[in-house]
Structures are given as C-alpha cells and as structure tokens.
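Each remark here refers to the structure printed beneath this line.
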There are 2 protein chains.
Amino acid sequence: MRVKTSNGKGDISQIPEPTLRRLPGYLSFFKALKINNVEFVSSGQIAANFKMDSTLVTKDLSYTGIKGRTKIGYNVNLLIETIIQFLDFNSQEKAFLFGVGNLGRALIKYQGLKSYGLHIVAGFDIDPDVVNITLNDVKIYPIDEFRDLSRKLNVRLGIITTPDAKAQDTADLMVAWGIKAIWNFTPQSIKVPDNIIVENTSIYSDLAVILNRLNNS
Amino acid sequence: MRVKTSNGKGDISQIPEPTLRRLPGYLSFFKALKINNVEFVSSGQIAANFKMDSTLVTKDLSYTGIKGRTKIGYNVNLLIETIIQFLDFNSQEKAFLFGVGNLGRALIKYQGLKSYGLHIVAGFDIDPDVVNITLNDVKIYPIDEFRDLSRKLNVRLGIITTPDAKAQDTADLMVAWGIKAIWNFTPQSIKVPDNIIVENTSIYSDLAVILNRLNNS
DNA sequence: ATTAAGTTGTTAATAAAATAACAACTTATT
DNA sequence: AATAAGTTGTTATTTTATTAACAACTTAAT
C-alpha cells in the first residue's frame with residue numbers, strides 16, 4: 001500500500017500547494033505536543049492553535065492518508081511519522097549550494113534543515129577567501145569543480161544564494177550539469193527548461209507584506 | 001496627491017497579497033534592466049520574463065498608480081521609483097532581532113536588506129558568547145535590556161530567529177514592550193493580540209514544495 | 001493625413017481555495 | 001443498552017485570484 005495516496009484514486013501530486021505549505025507548520029506543532037507528552041490531538045485543537053477553520057485542518061490532514069478517531073482525535077506520534085513520510089523529510093536529499101555569502105553560510109551551518117530532509121553536501125564560490133574552507137563538515141569548492149562533483153555525487157537539488165546578478169548564470173550551469181530542482185533565494189526570476197523545478201524564496205515579498213500592513217492599518 | 005491610491009477611490013490596503021508579493025520581483029527585474037540601460041519596458045516583456053500573463057502584469061502595476069505609454073511601455077526609472085515608494089522600501093524601518101544564531105546572524109550581516117527598507121538596529125540573545133559582540137555595527141544585547149532600548153528607540157518591528165521552543169515567549173515579550181509587527185522565521189505558530197501584525201517566513205514550506213515536486217513528477 | 005499595428009487597461013469568465021453546512025459515526029455517559 | 005455529545009470527513013457555497021476577452025488609445029508607417 002502506498003502511503004502517498006490520499007483516497008486511493010488520486011495521486012499525491014494533486015495536493016494543493018497551500019495545503020503542502022501548511023504541513024510543516026502542523027508538524028512543528030505536533031512535535032511540540034509530543035515533547036509535552038500529549039498523545040492525541042483533535043482537529044479543533046489544531047485549528048485553534050493556528051486560528052483557522054477545523055474543516056480545513058481535517059481536509060489538509062486527509063491528504064496524508066492519516067485517519068483520526070472520533071472523540072479521541074489524531075495520534076500525535078502517528079501524525080508526526082506520517083507527515084515526515086509524506087513530505088520526504090527523512091530522505092536526506094543531497095544539495096549543492098552556490099554563493100557562500102552571509103545567507104549561504106547560514107544555510108550551510110543551519111543544522112535544523114537536516115531534520116527537514118535537506119543535506120547540503122558541498123558549497124561553491126568564486127571568492128578565494130571562502131574556497132577550500134569547511135563549514136560544519138561542508139567543504140567549499142571553486143566553481144570549476146562542480147562538473148566533477150556533480151557527476152560523482154549525483155545531486156538533484158541546487159541552491160542559489162549568489163548575488164542577484166549571478167543568479168541566471170548559476171542556474172544555467174546547474175541545468176547543464178544535471179541539477180533537476182533549483183531553490184532560488186535571489187529576487188531574480190531565472191529562466192530554465194520546463195522540466196526543471198524552480199522554487200523561489202523571496203524574503204523581500206514577506207518584507208513587502210509586513211511594511212504594507214504596518215504602514216496601512 | 002497621494003501616490004498610494006490605485007484609482008482615487010480605493011485604498012492601498014485593498015491590494016491583493018499575491019500582487020504585493022510579486023512587486024519585489026518586478027523591482028529586481030527593473031533594476032537589472034536599468035543596469036543594462038533599458039529605458040522602457042512593455043507589459044509583454046515583463047510577462048515573458050516571469051512566464052506569466054501580461055494582463056496580470058498590467059493589473060499588478062496599476063495598483064502602484066503608474067501609467068504606461070502605449071507602443072512605448074513603462075519608463076523603467078519611474079517603475080523603480082514608484083515601486084520603492086509604494087512598498088516603503090526607502091523607509092528604513094527599524095527592527096529588533098531576537099535569537100542571534102546562524103540565521104539571525106545572517107540577517108544582521110546581510111546588507112541587502114537595507115535597500116529593501118529594513119534596518120536592524122539591535123540584536124538580543126541569552127547566550128553569553130554572543131552578548132555584547134557587534135556584527136556590522138549592530139550590537140547584541142542581553143534580553144534584559146530590551147525594555148529600555150525599546151522605550152528609547154521606538155521600534156515597531158521584531159524579528160524572531162530563536163530556537164522554535166522560544167518563539168512564543170519571545171513574541172509575548174515583544175508585544176509586552178510595544179512591538180507592532182512580528183516577523184517569525186520559526187515554523188512555530190505564535191499567538192498574539194489581534195492588533196499585532198504577524199508574518200511567518202517558513203523555508204520549510206518551500207522545502208516541502210521542492211521535495212514534493214522532485215519526488216512526484 | 002490616414003491607416004494599421006500593437007499596447008494599455010477595463011470588464012467578464014473561469015478556476016481554485018477557503019469557508020460553511022451537513023451527514024455519519026464513535027465513544028463515553030446515563 | 002440506549003442516548004447524547006462531540007468529532008471526523010464529505011459536499012456545497014462563497015470568496016478570491018487568475019485567465020481570457022474586449023475596447024480604447026497612441027504611435028509609427030504609408
């Protein structure tokens with residue numbers, strides 16, 4: 001039996017992105033519950049914590065295939081295991097990171113990402129000051145070595161934390177050497193072939209929302 | 001004349017959040033055009049760059065009040081100025097940052113945020129190893145001094161980059177001492193009074209989307 | 001000067017997600 | 001054992017965002 005089918009008919013790829021985005025938040029909440037020795041949690045309690053509608057919670061959770069028990073709620077341990085499984089957070093997906101500036105360095109050093117399925121195996125930069133150094137067991141290489149390492153390690157995911165102006169060149173290089181998914185932390189829109197997955201993380205968008213709410217309310 | 005009204009009738013707070021989130025991306029693109037000495041850009045060109053519909057571009061831009069000229073397009077310099085004005089990216093909003101770990105340190109050091117309207121004026125932590133150090137002219141204080149500094153500097157925005165378990169306590173402290181908006185980088189959902197603005201930045205959500213697309217396609 | 005191409009910007013239609021309503025079920029209590 | 005309370009999970013409605021269609025306008029070319 002596949003865990004990743006929601007109802008036996010549809011496939012997981014059908015999951016709405018908003019739902020997918022909420023799952024890590026649920027997971028964090030459930031982990032906190034576990035620490036406090038809470039064994040069961042109801043959709044109503046979850047909804048209250050996130051100030052959302054309980055039907056939306058049950059809808060979201062139903063995509064993972066987990067079943068709750070009426071009058072009891074969901075088993076917290078099972079919730080945690082199921083969501084981790086569903087999100088592939090135990091997969092230790094290998095990743096290359098390009099651009100070892102402040103942000104890149106933080107991502108490499110940030111151990112928390114490991115428990116969310118991401119394992120950065122190498123960094124790349126052109127700056128001689130950072131090339132060949134090691135951050136938390138992650139070595140930084142010159143760009144030239146990307147080709148060989150890519151062939152050796154078979155990495156599918158590339159992270160862009162370069163200066164904005166270098167984002168497109170970096171993406172081109174990644175695509176050329178077999179990267180399948182790109183996580184772009186620059187505000188630049190990058191152009192890649194259709195079969196390449198691109199996810200943009202724009203803290204500037206979040207900042208725009210904050211400043212707007214702060215100055216217009 | 002107020003720049004921030006889209007049509008004279010509505011107020012800016014009416015702007016849809018998706019539009020607001022796209023504006024920084026446009027801005028980055030326009031800045032790149034300016035560097036390449038491009039003077040005018042049409043909605044079609046913008047749409048092509050972001051692989052989106054041109055009508056959505058014109059709709060988004062119309063919220064900022066800017067007018068394009070048919071057969072010519074939008075003036076790039078004016079676009080840049082207008083969007084910066086509209087998003088308050090020249091406001092140098094003061095912010096306190098709590099939790100000077102890897103991510104917090106990166107945000108403090110990251111100069112790029114200054115051109116997007118954010119000015120982190122102080123950091124706070126409990127770890128004696130970081131307290132009293134200075135990162136890029138930003139001093140790190142013990143939590144005890146938050147109260148006095150808050151009163152002195154009149155800061156409205158607080159950033160949470162603490163460990164997950166400390167997120168709620170930190171938020172409570174911020175609210176108690178007059179912070180109006182909280183930028184939460186932990187995956188924890190924090191509970192605050194209704195009048196407090198909360199923006200959650202969850203890189204785990206982005207990661208969930210990437211891993212899902214990578215493993216189901 | 002007139003025409004035609006191409007763009008903006010508005011209005012309408014479609015698609016998607018969040019909310020609301022409801023039905024079915026299960027467990028604890030009387 | 002029967003009832004009632006409370007929860008899950010489905011279906012329907014409303015709201016919101018995106019896409020599509022269209023009208024008006026402006027500039028360049030004939």
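Below, chains carry the letters A, B, ... as their sequence lines are ordered, and counting in each starts from 1. As the structure is a computational prediction, the values presented were derived from the model and not from experiment.
Under the 30°/60° scheme for interplanar angles, the aromatic rings of A:Tyr204 and B:Tyr110 are found to be tilted. Using cut-offs of 30° and 60° on the angle between ring planes, the pair A:Phe96 and A:Phe98 is perpendicular.
Rounding to whole angstrom units, CZ of residue A:Phe40 and C1' of C:dA28 are separated by 15 Å. The distance between atom CG of A:Asp60 and atom P of C:dA16, rounded to the nearest whole Å, is 17 Å. Taking atom CG of A:Asp53 as the reference point, atom P of D:dT13 lies 17 Å away to the nearest angstrom. As rounded to whole Å, 14 Å separates atom P of D:dA17 from atom CE of B:Met52. At whole-Å resolution of the value, CG in A:Leu56 and C1' in C:dA16 are 13 Å apart. Rounding to whole angstrom units, CZ of residue B:Arg21 and P of D:dA17 are separated by 12 Å. Straight-line distance from the CZ atom of B:Phe50 to the C1' atom of D:dT18: 17 Å, rounded to whole Å.
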What protein N or O atoms touch nucleotides 2-12 of chain C N or O atoms at under 3.5 angstrom, if any, and at what distances?
from, atom 1, to, atom 2, distance (Å)
C:dG6, N2, B:Thr70, OG1, 3.1
C:dT7, O2, B:Thr70, OG1, 3.4
C:dT8, OP1, B:Ser43, N, 2.9
C:dT8, OP2, B:Ser43, OG, 2.1
C:dG9, OP2, B:Tyr74, OH, 3.1

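The pair A:Asp172-A:Lys191 fails the salt-bridge criterion, with no side-chain N (NZ, NE, NH1 or NH2) lying under 4.0 Å from an Asp/Glu carboxylate O.
Residues B:Asp53 and B:Thr55 have side chains that bring a donor and an acceptor to within less than 3.5 angstrom of each other.
In this structure, the ring of B:Tyr63 has its center no less than 6.0 angstrom from the ring center of B:Phe86.
Listed for the B:Thr170 side chain is no donor-acceptor partner under 3.5 Å among the backbone atoms of B:Ile160.
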